[in-house]
Amino acid sequence: MTQLTEITDYMQHALAKDNTGHSVDHINRVVALADKILRDEPKANPFIVRAAALLHDVYDDKLFTTEAEALGAKKDLINFLKTIQVSPGSITEIIQIIDNMSWSKSLEGHAEPLDINGQIVQDADRLEAIGAIAITRAITYGAVKNRVLYDPSIAPRTAKNKAEYRNDDSTTINHFYEKLLLIKDRLNTETAHQIATSRQQFMLDFLEQFKSEWDLLK
């Protein structure tokens with residue numbers, strides 16, 4: 001059994017019960033997008049990219065009730081990588097990517113710079129947040145968090161830090177303006193920019209149609 005196979009099994013077990021839009025199918029799409037970008041980035045390390053893509057949500061704190069649980073999951077992951085004999089240098093790089101690729105981390109300006117491996121994983125994950133499937137994921141996550149779908153009296157926010165970004169007082173539709181529509185201009189690789197173009201337009205078309213139907217209630 002290869003290390004990536006064992007890493008895949010670990011991810012599948014860790015995220016098997018997720019109902020927030022960060023489940024195994026999400027991870028599989030991120031990996032597929034990372035593989036697509038990898039083909040145009042010969043200087044990248046395929047193992048590091050795929051491992052980080054597979055594991056990037058395993059200890060994401062928004063999927064846990066407490067910060068302590070998330071930290072415990074991170075420790076468990078590091079121990080697992082050691083048991084399957086991933087080199088210390090590779091473990092450090094995988095964890096560095098996971099710890100610094102998120103949107104919320106970048107808001108506070110505390111994210112460490114990502115090399116090409118991290119940029120690919122970040123792009124793949126961000127591409128998963130725009131387009132048709134992303135619309136369903138946003139609605140699913142909002143429902144799980146009991147977030148209001150839409151209220152035209154609530155204006156989109158400009159989050160300045162992680163706490164503001166994670167605040168559930170906004171609406172699901174506002175989330176498109178607060179994050180999803182901003183992603184296209186914050187991608188790293190040319191391949192990701194090309195993929196993003198049609199996905200961005202699909203979201204814009206959806207929002208236009210959504211609001212036109214909503215206005216019929218007036």
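- Results of the side chain to side chain contact (heavy atoms under 4.5 Å, CB included) test with L55 over V121, I97, L77 single out L77 as the only residue that passes.
- The salt bridge (Lys or Arg N to Asp or Glu O under 4.0 Å) test applied to R199 returns no partner, not counting sequence neighbours.
- Annotation: F202, atom CZ; neighbour count of heavy atoms from other residues, nucleotides and ligands within 6.0 Å does not exceed 12.
- Judged purely by distance below 3.5 Å, without hydrogens or angles, the side chains of D205 and Q209 never pair a donor atom with an acceptor atom.
- Residues forming a salt bridge (Lys or Arg N to Asp or Glu O under 4.0 Å) with D115 (at least two apart in sequence, or on another chain): none.
- Rounding to the nearest 0.5 angstrom, the gap separating the OG1 atom in T140 from the NZ atom in K145 is 13.0 Å.
- Remark: D35 pairs with R50 by the salt bridge (Lys or Arg N to Asp or Glu O under 4.0 Å) rule, at least two apart or across chains.
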Item checked: Full working for side-chain contact (heavy atoms from CB on, under 4.5 Å) between W103 and D125 -> CA-CA 10 Å; W103 185 268; D125 189 43; over 6 Å; no
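- Here K184 pairs with nothing under the side chain to side chain donor-acceptor pair (under 3.5 Å) rule; sequence neighbours left out.
- When all heavy atoms of I116 and A44 are compared, the pair lying nearest together is CG2-CA, 4.0 Å.
- Under the side chain to side chain contact (heavy atoms under 4.5 Å, CB included) test applied with E41, the options N188, I120, D123 reduce to a single match, I120.
- Scored by the side chain to side chain contact (heavy atoms under 4.5 Å, CB included) test, E112 finds Q96, N100 as partners (sequence neighbours excluded).
- At least one donor-acceptor pair closer than 3.5 Å links the side chain of N45 to the backbone N or O of I48.
- Although no hydrogens or angles enter the test, the distance criterion places no donor-acceptor pair under 3.5 Å between the side chain of R137 and the main chain of A132.
- When the shell of 6.0 Å around NE2 of H193 is examined, it contains more than 12 heavy atoms from other residues, nucleotides or ligands.
- Listed for the N174 side chain is a donor-acceptor partner under 3.5 Å among the backbone atoms of I154.
- For residues 37-90, every residue pair satisfying the ring pair (Phe, Tyr, Trp, His ring centres under 6.0 Å) rule, not counting sequence neighbours, is listed here: Y10-F80, H26-H56.
- Across every non-hydrogen atom of A53 and V31, the tightest pair is CB-CG2, 3.9 Å.
- In terms of hydrophobic clustering, with Ile, Leu, Val, Met, Phe, Trp and Tyr side chains grouped at heavy-atom distances under 4.5 Å, I139 and W214 are assigned to a common cluster.
- In this structure, OG on S102 lies 8.5 Å from CD on Q122, to the nearest 0.5 angstrom.
- Within the structure, the salt bridge (Lys or Arg N to Asp or Glu O under 4.0 Å) test picks out the following pairs touching residues 72-95 (sequence neighbours left out): K74-D99.
- Side-chain atoms of T8 and T5 form no donor-acceptor pair, as typed in the model, at a separation below 3.5 Å.
- Residues I91 and L71 do not share a hydrophobic cluster, defined by chaining ILVMFWY side chains whose heavy atoms lie under 4.5 Å apart.
- Looking only at distances, no side-chain donor or acceptor of S90 sits under 3.5 Å from a matching main-chain atom of V86.
- Here CG of L63 is found 14.5 Å from NZ of K17. Values are rounded to the nearest 0.5 Å.
- In plain terms, the two heavy atoms of A52 and I94 that are nearest each other are CA-CG2, 4.1 Å.
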Next item on the list: Decide side-chain contact (heavy atoms from CB on, under 4.5 Å) for L187 and L127; before the verdict, give the C-alpha distance in whole Å, the side-chain angles of both, and the deciding distance to 0.1 Å.
Entry: CA-CA 9 Å; L187 296 167; L127 285 171; 4.1 Å; yes
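- Residues M203 and A129 approach most closely at SD-O, 4.4 Å, considering heavy atoms.
- With sequence neighbours excluded, no residue forms a side chain to side chain donor-acceptor pair (under 3.5 Å) with S212.
- Following chains of ILVMFWY side-chain contacts shorter than 4.5 Å, one can reach V58 starting from I84, so the two form part of one hydrophobic cluster.
- Of all non-hydrogen atoms in P156 and E178, the two that sit nearest each other are CA-OE2, 3.6 Å.
- Two different hydrophobic clusters hold V24 and I133 under the rule that ILVMFWY side chains link at heavy-atom gaps under 4.5 Å.
- Take L207 and apply the side chain to side chain contact (heavy atoms under 4.5 Å, CB included) test, not counting sequence neighbours, and it matches I173, F176, Y177, L181.
- Note: I98 CD1 to L54 CG = 9.5 Å, rounded to the nearest 0.5 Å.
- Rounding to the nearest 0.5 angstrom, the gap separating the CD1 atom in I135 from the CG atom in L180 is 9.0 Å.
- Under the rule for a side chain to side chain donor-acceptor pair (under 3.5 Å), T172 has no partner lying at least two apart in sequence or in another chain.
- The side chain to side chain contact (heavy atoms under 4.5 Å, CB included) check on T191 picks up I37, D40, T189, I195, with sequence neighbours excluded.
- Between the CG atom in L38 and the NZ atom in K36 there is a gap of 12.0 Å [rounded to 0.5 Å].
- Both I130 and F206 belong to a single network of hydrophobic side chains, linked directly or stepwise wherever heavy atoms of I, L, V, M, F, W or Y lie under 4.5 Å apart.
- The minimum heavy-atom distance between K105 and A111, with the atom names listed, is CG-CB, 3.6 Å.
- Here D215 does not pair with K211 in a salt bridge; the nearest charged N to carboxylate O distance is not below 4.0 Å.
- Using a 4.5 Å cut-off on side-chain heavy atoms (C-beta onward), K62 and Y141 make contact.
- Evaluation of the side chain to side chain donor-acceptor pair (under 3.5 Å) rule for D18 yields T20 as partners, not counting sequence neighbours.
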